[in-house]
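Accompanying notes for the structure given below.
Read the numbers this way: they start at 1 and go in the same order the structure lists the ligands and their atoms.
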Amino acid sequence: MGNIAMSNVLITGGAGFIGANLCERLLRNGDTVTCLDNFSTSNRENVAHLLGDPNFTLMIGDVRSTIRVDADTIYNLACPASPPKYQIDPVYTTETCVLGAINVLELARRTGARVFHASTSEVYGEPQCSPQPETYRGNVNPWGPRACYDEGKRCAEALFYDYSTKYGVDVRVARIFNTYGPRMHPDDGRVVSNFIVQALGGRPLTIYGDGMQTRSLCYVDDLLSGFEALMSGPSVPHPVNLGNPHELTILEIAELVIELVGRPATIRRLPLPQDDPTQRCPDIGVARSLLGWEPRVAVEDGLRRTVTYFAGQLAASQPRRDRIAEAAE
Ligand code: NAD
Ligand code: UDP
């Protein structure tokens, strides 16, 4: 990617939404890519199109165990990211965050690799300021249903900087805000994939709470340009926010999706999950000034591309669904 030419890259969680997009981008750049994944929130199909590439290796494995791969560059993305998914087995989620970080950092320590870590805006919890700058220390419930993810990611950040200070590992930590785009799992449970799949299927859009909570949506290509800027430049001794500061209410996101899908749709109200943050918007001043990065894809354009992707996925799976329905009759 960029000026890190011809790297030997390990991507943990490489079959997931962001990981599969990153695999594609790095292979296009001429890098050699090993994707390590246990398919807990993804599947082989997300990277099946890459299997014939001689520069691509798929390794089925778990970051909670010691990792033995030759790499000069590591991206640590392995972790369930959708709230309903990471809450299914919270102990697993914490282990993936913490043991995964240690195993990745030990590998970087042995190989001398530069290592990127996917942290999250969730480290800010229910924010008391907006937008959220990196200096804000957050307001996380340490024992609620989101704690496995929020505290796991906070502990991982601590480990990344401890390995940097103690062992001189070259670490880069991004705090990623809500990102969307092609290769999200249709049953992932996150707001963009839910709304698009519901609207395309002619089902009501599920709005949790009053829909006035906000998120700021970043298109995946923009996010990956941010990864590139963070990985290719000089070391940054603190986490960097990567996200799109265009803040929208969940109701506004629903309206946009309905408009782009172009079919009449209804809304179904469901209870707001516990500890669901009421506001999220990144302060990207640091990314702008240090990395020269900012998002370029307008939310309407990114959502349109994502609707097209899901429409294609649903059309491709329709004959299979018809066969299953016929067999069941
Ligand atoms: P995803 O669920 O689509 O992908 C995660 C991948 O990690 C999946 O392929 C999953 O099978 C794999 N995985 C999970 N546990 C594993 C384990 N123990 N060992 C090996 N593989 C494992 O999620 P995503 O949206 O692609 O997120 C990727 C990373 O970015 C995550 O670390 C997430 O916390 C972070 N992040 C994402 C967002 C976002 O909006 N997408 C926001 C903030 C942070
Ligand atoms: N949400 C919603 N309907 C859905 C899925 C999510 O209203 O079908 C809301 C959810 O309550 C949250 C926001 O959308 O306020 C973003 O949820 P998501 O799970 O995508 O990510 P989060 O930012 O909460 O981790």
(message) Grouping I, L, V, M, F, W and Y whenever their side-chain heavy atoms are under 4.5 Å apart, do Ile67 and Leu26 come out in a common cluster?
(response) no

(message) Whether the Thr96 and Tyr86 side chains hold a donor-acceptor pair (N or O, under 3.5 Å, no angle test) is what I'd like checked.
(response) no

(message) Within the 3.5 Å criterion, strictly below it, is a donor on Asn141 or Asp275 matched to an acceptor on the partner's side chain?
(response) yes

(message) Could you tell me, atom by atom, which parts of ligand 2 come under 4.0 Å of a heavy atom of Arg190?
(response) 19 (O), 20 (O)

(message) For Glu157, is there an ion pair with Arg154 - N to carboxylate O distance below 4.0 angstrom?
(response) no

Residues 259-273, side-chain donor-acceptor partners within the protein, below 3.5 Å, at least two apart:
unit_1: Arg263; atom_1: NH1; unit_2: Leu200; atom_2: O; d: 2.5
unit_1: Arg269; atom_1: NH1; unit_2: Asp210; atom_2: O; d: 3.2

(request) If you have a sec, work out which protein heavy atom is nearest atom 7 (O) of ligand 2 and how many Å separate them, to one decimal? (result) Tyr208 N, 2.9 Å

(message) If you count heavy atoms of other groups shown closer than 6.0 angstrom to CZ of Arg296, is the number above 12?
(response) no

(request) Look at atom 11 (O) of ligand 2 and say which protein heavy atom is nearest, naming residue and atom and giving the distance to 0.1 Å. (result) Asp276 OD2, 2.5 Å

(request) Could you list which atoms of ligand 2 come closer than 4.0 Å to a heavy atom of Gln213? (result) 9 (C), 11 (O), 15 (O)

(request) Say whether Pro83 and ligand 2 are in contact under the criterion: heavy-atom distance to a ligand atom below 4.0 Å. (result) yes

(request) May I ask you to identify the nearest protein heavy atom to atom 3 (N) of ligand 2, giving residue, atom name and distance to one decimal place in Å? (result) Thr206 O, 2.7 Å

(message) Side chains of Glu126 and Thr278 only: does a donor on one sit below 3.5 Å from an acceptor on the other?
(response) yes

(message) I need the nearest protein heavy-atom contact for atom 17 (O) of ligand 2: residue, atom name and distance, please.
(response) Val191 CB, 4.1 Å

(message) Show me, by chain and number, every protein residue that has a heavy-atom distance under 4.0 Å to ligand 1.
(response) Gly13, Ala15, Gly16, Phe17, Ile18, Asp37, Asn38, Phe39, Ser40, Thr41, Ser42, Gly61, Asp62, Val63, Leu77, Ala78, Cys79, Pro80, Ala81, Tyr92, Thr96, Ala118, Ser119, Thr120, Tyr149, Lys153, Ile176, Asn178, Thr179, Arg190

(request) Specify the protein heavy atom at minimum distance from atom 25 (O) of ligand 2: its residue, its atom name, and the distance to 0.1 Å. (result) Arg146 NH2, 3.1 Å

(request) Give the residue, atom name and distance (to 0.1 Å) of the protein heavy atom nearest atom 13 (C) of ligand 2. (result) Ile250 CD1, 3.6 Å

(request) With sequence neighbours excluded, tell me which residues meet salt bridge (charged side-chain N to carboxylate O under 4.0 Å, His left out) with Asp170. (result) Arg114, Arg172

(message) Starting from atom 16 (C) of ligand 2, what is the nearest protein heavy atom, named by residue and atom, and what distance separates them?
(response) Arg215 NE, 3.5 Å

(message) Applying salt bridge (charged side-chain N to carboxylate O under 4.0 Å, His left out), can you list everything that pairs with Arg44, at least two apart in sequence or on another chain?
(response) none

(message) Using the side-chain contact (heavy atoms from CB on, under 4.5 Å) definition, which of the options Asn194, Ile250, Val191 pairs with Tyr208?
(response) Asn194

(message) Within ligand 2, which atoms have a heavy atom of Asn178 less than 4.0 Å away?
(response) 21 (O), 22 (P), 23 (O)

(request) Please confirm whether Gln198 comes under 4.0 Å of ligand 2, counting heavy atoms of the residue only. (result) no

(request) Please could you name the atoms of ligand 2 that Asn194 approaches to less than 4.0 Å, counting only its heavy atoms? (result) 4 (C), 5 (C), 8 (O)

(message) For Phe17, does the six-membered ring have the charged nitrogen or CZ of Arg183 within the cation-pi criterion, i.e. under 6.0 angstrom from the centroid and within 45° of the normal?
(response) no

(request) State the atoms of ligand 2, each with its element, that fall below the 4.0 Å cut-off from a heavy-atom position in Ile207. (result) 7 (O)

(message) In this structure, would Val171 and Val63 fall into the same cluster of hydrophobic residues linked by side-chain contacts under 4.5 Å?
(response) yes

(request) Give, for atom CG of Leu50 and atom CG of Leu27, the distance between the pair rounded to the nearest 0.5 Å. (result) 6.0 Å

